[in-house]
Every structure is written in structure tokens, then in C-alpha cells.
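What follows is a set of notes on a single structure, which appears directly below.
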Number of protein chains: 2
Amino acid sequence: MRPLVHPSIEDITVEGILHALSDPVRAAIYAQLAGSASAASCSDFLQISNRHIPKSTLSQHFRALREAGLVRSERQGVEVRNTSRCSEIEQRFPGLIKAILNAHKVQAISGLPAKKPR
Amino acid sequence: MRPLVHPSIEDITVEGILHALSDPVRAAIYAQLAGSASAASCSDFLQISNRHIPKSTLSQHFRALREAGLVRSERQGVEVRNTSRCSEIEQRFPGLIKAILNAHKVQAISGLPAKKPR
DNA sequence: TTCCATAGTTCATATGTTACGAACTATAGG
DNA sequence: CCTATAGTTCGTAACATATGAACTATGGAA
């Protein structure tokens, strides 16, 4: 099995970041990771998605995030802990991640059903 | 021939924007349009690219930008003038476009070849 | 009006990318 | 060594993209 490979900070591209986060599943995973600042395993998201996303697909999504340089994955015992590389990316592309996460938040709020007046 | 179709501002999604701008050609076109604030035709970019990009491909790129809600295209005589919808998007997703364009600029300066993500 | 040039779109298709079940690998704990 | 858990890899079907060829739209000239 190949070792988990990560791009160095200078090999991270805007195109790669945008492509990775243009998928709603990956955006949700990344928002979770970046928001909580704590590591999370692949199977944590299997639970969150209520097992609607096959684990092979989830594994590929994590690989995409990893290869775009968005997350760092490290094996810890039987599972793989993923942490966001947001502080590194913030250094290279200031404001980018914050703007994208905020936009996703705005969109989530706007998509909510209008509240019925009482 | 179908009329040029544009999403209304509330139908524009972050995913759509990120996907559209994750392509280096589209990102370059959009940066040009957003930067100059003036309209530009499809064939202007044919010139700029030194005809290395086929016009059918360019046409599809403009369609992608249009359908993502990033540009507005209007026929004016024989050509189609494209303008950036950045002020509308700024209202819906504050700071998003600026952060992305700035990140592309940072990357261009850092000298990395704009590689297309898989 | 007919013809032509320019600008762009659409179509067919070849090539590339993604999703997901099945089979596999890795690790920990009996 | 056996089993369970966590995740990866592989094969392939479904979907997406790039591009040449054919088409449409518009304006101007003959």
C-alpha cells in the first residue's frame, strides 16, 4: 500500500484548491475539519453521512483533499486522522480559505426555508 | 440557436463558482474581465491565446462562466460582449471573488506553472 | 436580394475523470 | 493465528471535457 502523500506548501495550487472544494461532499468534510481544528477519521464522516456515501468514495474524497494540499492525513493505529492545513494555506493564499468557507455558510443559510411569520 | 441563459443571483452556487474558476483558462478569462471592468468578446481571447485554444473550446469556457453566474453575455451585432457579474456576486458572497483573484495573482508571482488539476 | 465574412454555437466523438462494489492491506486485540 | 475495524486499490460503468466539422446569426458589400 502506497504511503499517504502530501504536496509541499509551494506545490499547492489555487486551481487544485478550488477544484477540491467545488465538490459539496468535500466542501462539507473540509468545513468540518477546518472548523473544529481537531482531527477526524474517514469513518467519522461515514457516520455523519448516515452511510449514504460508500466508503471507497469517501476514501477518494479524502485523497482529493490530501493531494490538493488541504488536509494532512496520518495513520494512528487502525485509523487515519485528518487535520486541515489551513494555517499553511493562509500563509500562501491569505483570505482564500476563509472566504470560501464563509461563502458556503452564506449559501447554507440562504437555502434554508423561509420562516413562517406567526 | 438557444438564447444565452443566465442564472439569477440566488441560483448562483459556491460550488459552481469554484468549479468554473478551477480551470486555468477560465480563471484567466475571468480575471481579465473582472479586472478591466469592460466588456470583451470571445474572439478577443482567441487573439490573446494566440489561437492555441480552439474557438469551440473557448465558446464552451464562456458558457461555463455564464452558467456559473460569473459573467453576463449579450449579443451586440456580430459578436457577444461579456461582462463580469462581480458586484452581484460580491453582494451574495462577500470577499469570495477578491480572495480567489488575489490567490491566482499570488500564484502567478510565485512562478508556479498553472497546472490543470486532474 | 443574394453573397460573403466574421463571430459564435452545436454536434459527434475521443479522451479524461469520477463513483462505487468487490477485493485487498494494515493494525489492534483477543 | 483469527477476527474485527479502518481504509485503500482495482475494474468498470457513468459522466464530463476538448476539439474539429458543420451549422446559425449578423452586418455589410455587390
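Here is the naming used below: chain letters follow the sequence lines, and residue numbers restart at 1 for every chain. Since we're looking at a predicted model, the values are computed, not measured.
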A:His19 vs D:dA16: side-chain N/O to OP1/OP2 distance below 4.0 Å: no
With B:Asp11 via side chain to side chain donor-acceptor pair (under 3.5 Å) - residues at least two apart: B:Ser8
Residues forming a side chain to side chain donor-acceptor pair (under 3.5 Å) with B:Ser43, sequence neighbours excluded: B:Ser41
Residue pairs fulfilling salt bridge (charged side-chain N to carboxylate O under 4.0 Å, His left out) with at least one residue in residues 44-60 of chain A, sequence neighbours excluded: none
Interface with DNA chain D, restricted to residues 46-61 of chain B and to heavy atoms under 4.0 Å: B:Pro54, B:Ser56, B:Thr57, B:Gln60, B:His61
Relative orientation of the end axes in the helix from C:dT1-D:dA30 to C:dG30-D:dC1, expressed as an angle to the nearest 10° (five pairs per end): 0°
Can you pull every protein N or O that's under 3.5 Å from an N or O on nucleotides 25-30 of chain C?
none

Please list, chain by chain and in numerical order, all residues satisfying side-chain contact (heavy atoms from CB on, under 4.5 Å) with [X], sequence neighbours excluded.
{"X": "A:Ser87", "value": "none"}
{"X": "A:Pro24", "value": "B:Glu15"}
{"X": "A:Asp23", "value": "A:Val25, A:Arg26, A:His61"}
{"X": "A:Leu58", "value": "A:Ile29, A:Cys42, A:Phe45, A:Leu46, A:Ile53, A:Phe62"}

Note, A:Gln91 side chain near A:Cys86 side chain (heavy atom, < 4.5 Å): no
Close side-chain approach of B:Ile89 to B:Ile17, heavy-atom, < 4.5 Å: yes
Separation of atom [atom1] in [X] from atom [atom2] in [N], rounded to whole Å:
{"X": "A:Phe62", "N": "C:dT18", "atom1": "CZ", "atom2": "P", "value": "17 Å"}
{"X": "A:Asp23", "N": "C:dC20", "atom1": "CG", "atom2": "P", "value": "10 Å"}
{"X": "A:Leu4", "N": "D:dT8", "atom1": "CG", "atom2": "P", "value": "6 Å"}
{"X": "A:Arg63", "N": "C:dA19", "atom1": "CZ", "atom2": "C1'", "value": "13 Å"}
{"X": "B:Arg66", "N": "C:dT9", "atom1": "CZ", "atom2": "C1'", "value": "9 Å"}

Selection residues 82-105 of chain A - residue pairs positive for ring-ring contact (aromatic ring centres under 6.0 Å, His included), sequence neighbours left out: none
Report, one line per pair, each donor and acceptor closer than 3.5 Å where one atom sits in a side chain of residues 65-82 of chain B; sequence neighbours left out.
residue, atom, partner, partner atom, Å
B:Arg66, NH1, B:Ser73, OG, 3.2
B:Glu67, OE2, B:Arg63, NH1, 3.3
B:Arg72, NH2, B:Glu88, OE2, 3.3
B:Ser73, OG, B:Asn82, OD1, 2.7
B:Arg75, NH1, B:Gly77, O, 3.2
B:Glu79, OE2, B:Arg81, NH1, 2.7
B:Arg81, NH2, B:Ala39, O, 3.1
B:Asn82, ND2, B:Ala40, O, 3.0

